[in-house]
**Q** 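This is the structure, below, for whatever I ask next.
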Amino acid sequence: MKNQKPIQDYYPDELSYCYGCGRNNEYGHHIKSYWDGDETVSHFTPKEYHIAIPGYVYGGLLASLIDCHGTGSAALAAYKAENRQPDTLPAFRFVTASLQVDFLKPTPLGVELELRGKIVEVKGRKVITEITVSANGEITVKGKVVAVQVPETFLK
Ligand SMILES: CCCCCCCCCCCCCCCC(=O)SCCNC(=O)CCNC(=O)[C@H](O)C(C)(C)COP(=O)(O)OP(=O)(O)OC[C@H]1O[C@@H](n2cnc3c(N)ncnc32)[C@H](O)[C@@H]1OP(=O)(O)O
């Protein structure tokens with residue numbers, strides 16, 4: 001992970017306004033995803049206003065962290081499957097087709113969260129990942145993301 005650029009830093013400027021992961025969105029979460037061995041990893045510390053009930057993180061925020069770490073992990077996996085670096089062309093552009101989230105336990109506010117991604121399938125234009133969210137070393141949320149490479153026409 002050391003000295004790695006997050007995959008989101010390779011997204012072109014015009015595609016970097018996503019509320020979850022766009023570096024050009026001043027109001028967004030700026031999620032950043034890296035390889036850590038065969039898994040992907042991201043860290044995020046919710047603000048005190050990301051609250052559900054006192055002391056605990058809002059589930060919609062957790063879903064959006066899983067969403068963007070899932071699409072970022074999909075891009076990482078797609079480049080790896082082709083044995084290419086993320087600064088090479090053609091670029092992969094993934095959007096979320098399906099997002100499933102299970103809230104296993106309340107997620108405490110006030111600590112850094114760790115998201116870890118496992119690549120389940122890379123097939124054609126589709127990548128499936130399983131993402132966990134941990135707080136204080138304990139998994140509180142699990143998610144599954146189906147990311148699909150968008151046709152070029154989607155972006156015009
Ligand atoms: C270095 C990097 C540079 C590039 C840098 C790019 C940056 C890139 C911008 C970043 C941005 C971040 C993104 C954040 C995450 C959002 O928030 S994205 C916004 C929310 N998502 C959307 O708006 C997507 C809306 N949906 C769609 O546009 C279309 O349904 C999709 C997802 C493109 C798929 O449509 P399609 O291309 O017609 O899909 P289709 O050919 O039918 O299916 C392809 C495969 O996907 C499967 N599939 C399709 N839909 C589903 C579904 N709902 N459930 C399960 N499987 C499905 C199909 O079964 C099929 O699988 P196989 O048969 O191949 O096994």
Side-chain angles (χ1 to χ4, degrees), residues 1-47 49-50 52 57-104 107 112-134 139-156:
M1 201 172 109
K2 286 224 164 28
N3 303 324
Q4 259 186 68
K5 241 165 85 166
I7 187 71
Q8 290 85 1
D9 281 6
Y10 292 97
Y11 295 178
D13 264 340
E14 66 277 16
L15 295 176
S16 293
Y17 289 93
C18 172
Y19 183 67
C21 60
R23 63 180 177 279
N24 294 331
N25 187 330
E26 64 176 302
Y27 305 106
H29 300 314
H30 302 150
I31 290 164
K32 297 191 182 304
S33 305
Y34 306 85
W35 281 119
D36 182 19
D38 287 339
E39 294 186 348
T40 61
V41 69
S42 181
H43 292 95
F44 186 87
T45 304
K47 309 276 190 219
Y49 52 78
H50 290 134
V57 181
Y58 170 57
L61 172 78
L62 297 164
S64 75
L65 300 180
I66 290 172
D67 188 359
C68 278
H69 186 51
T71 47
S73 298
L76 284 166
Y79 283 102
K80 190 177 190 179
E82 291 193 357
N83 204 16
R84 286 204 281 130
Q85 296 300 314
D87 57 354
T88 59
L89 294 173
F92 289 115
R93 297 172 167 84
F94 284 93
V95 289
T96 314
S98 172
L99 173 66
Q100 294 170 23
V101 182
D102 291 314
F103 299 99
L104 309 178
T107 302
E112 183 185 67
L113 305 180
E114 180 169 275
L115 289 105
R116 298 199 74 88
K118 283 192 172 43
I119 312 305
V120 177
E121 184 179 314
V122 181
K123 179 187 164 217
R125 293 165 46 231
K126 181 177 78 174
V127 177
I128 300 176
T129 56
E130 286 175 352
I131 311 290
T132 58
V133 180
S134 298
I139 294 176
T140 58
V141 189
K142 279 186 177 169
K144 182 175 165 188
V145 178
V146 179
V148 176
Q149 239 179 294
V150 291
E152 285 295 315
T153 49
F154 186 94
L155 301 165
K156 287 178 182 151

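Whatever order the structure lists them in is the order used to number ligands and atoms, beginning at 1. What you see is a predicted model; the values in this text were computed from it and never measured.
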**Q** Which one of I128, L99, T96 has a non-hydrogen atom at the shortest distance from atom 15 (C) of ligand 1?
**A**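 Selected option, by shortest heavy-atom distance: T96.
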
**Q** Show the atom names and distances, to 0.1 Å, of all donor-acceptor pairs under 3.5 Å that link a side chain in residues 57-69 to residues at least two apart or in another chain.
**A**
| unit_1 | atom_1 | unit_2 | atom_2 | d |
| --- | --- | --- | --- | --- |
| S64 | OG | L61 | O | 2.9 |
| D67 | OD1 | T96 | OG1 | 2.5 |
| H69 | ND1 | S33 | OG | 2.8 |
| H69 | NE2 | T40 | OG1 | 3.0 |

**Q** Between the candidates K144, K123, Q100, Q149, which shows the shortest non-hydrogen contact distance to atom 64 (O) of ligand 1?
**A**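 Comparing heavy atoms across K144, K123, Q100, Q149, the nearest one to atom 64 (O) of ligand 1 lies in K123.
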
**Q** Do me a favour and list the nearest non-hydrogen protein atom to atom 34 (C) of ligand 1 with residue, atom name and distance?
**A**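 Protein heavy atom with the smallest distance to atom 34 (C) of ligand 1: V148 CG1, 4.0 Å.
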
**Q** Between ligand 1 and A75, can you find any atom pair, the residue atom being a heavy atom, that is separated by under 4.0 Å?
**A**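 Not so, A75 does not reach ligand 1.
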
**Q** Is the side chain of D102 donor-acceptor paired with the backbone N or O of L104 at a distance under 3.5 Å, no angle test?
**A**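 Between the backbone of L104 and the side chain of D102 there is no qualifying donor-acceptor contact (under 3.5 Å).
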
**Q** For ligand 1, is there an atom lying under 4.0 Å from some heavy atom of G70?
**A**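 G70 does not count as a contact of ligand 1 under the 4.0 Å cut-off.
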
**Q** Just checking, is any N or O donor in the side chain of S16 or R23 under 3.5 Å from an acceptor N or O on the other one?
**A**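 Indeed, the side chains of S16 and R23 share at least one donor-acceptor pair under 3.5 Å.
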
**Q** Is it the case that the side chain of R125 and the backbone of Q149 share a donor-acceptor pair, with hydrogens and angles ignored and the cut-off at 3.5 Å?
**A**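 A pair under 3.5 Å: yes.
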
**Q** Check each heavy atom of F92 against ligand 1 and say whether those closer than 4.0 Å belong to the side chain, the backbone, both or neither.
**A**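 It is the backbone that gets close, since no side chain atom is under 4.0 Å.
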
**Q** Mind checking whether D67 contacts ligand 1 via backbone (N, CA, C, O), side chain (CB onward), both or neither, at a 4.0 Å heavy-atom cut-off?
**A**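 Side chain only; the backbone of D67 stays clear of ligand 1.
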
**Q** If a pair satisfies side-chain hydrogen bond (donor to acceptor under 3.5 Å, both in side chains) and one of its residues is in residues 79-91, list it, with sequence neighbours excluded.
**A**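 Counting only pairs at least two positions apart or across chains, the side-chain hydrogen bond (donor to acceptor under 3.5 Å, both in side chains) contacts touching residues 79-91 are E82-R84, R84-T88.
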
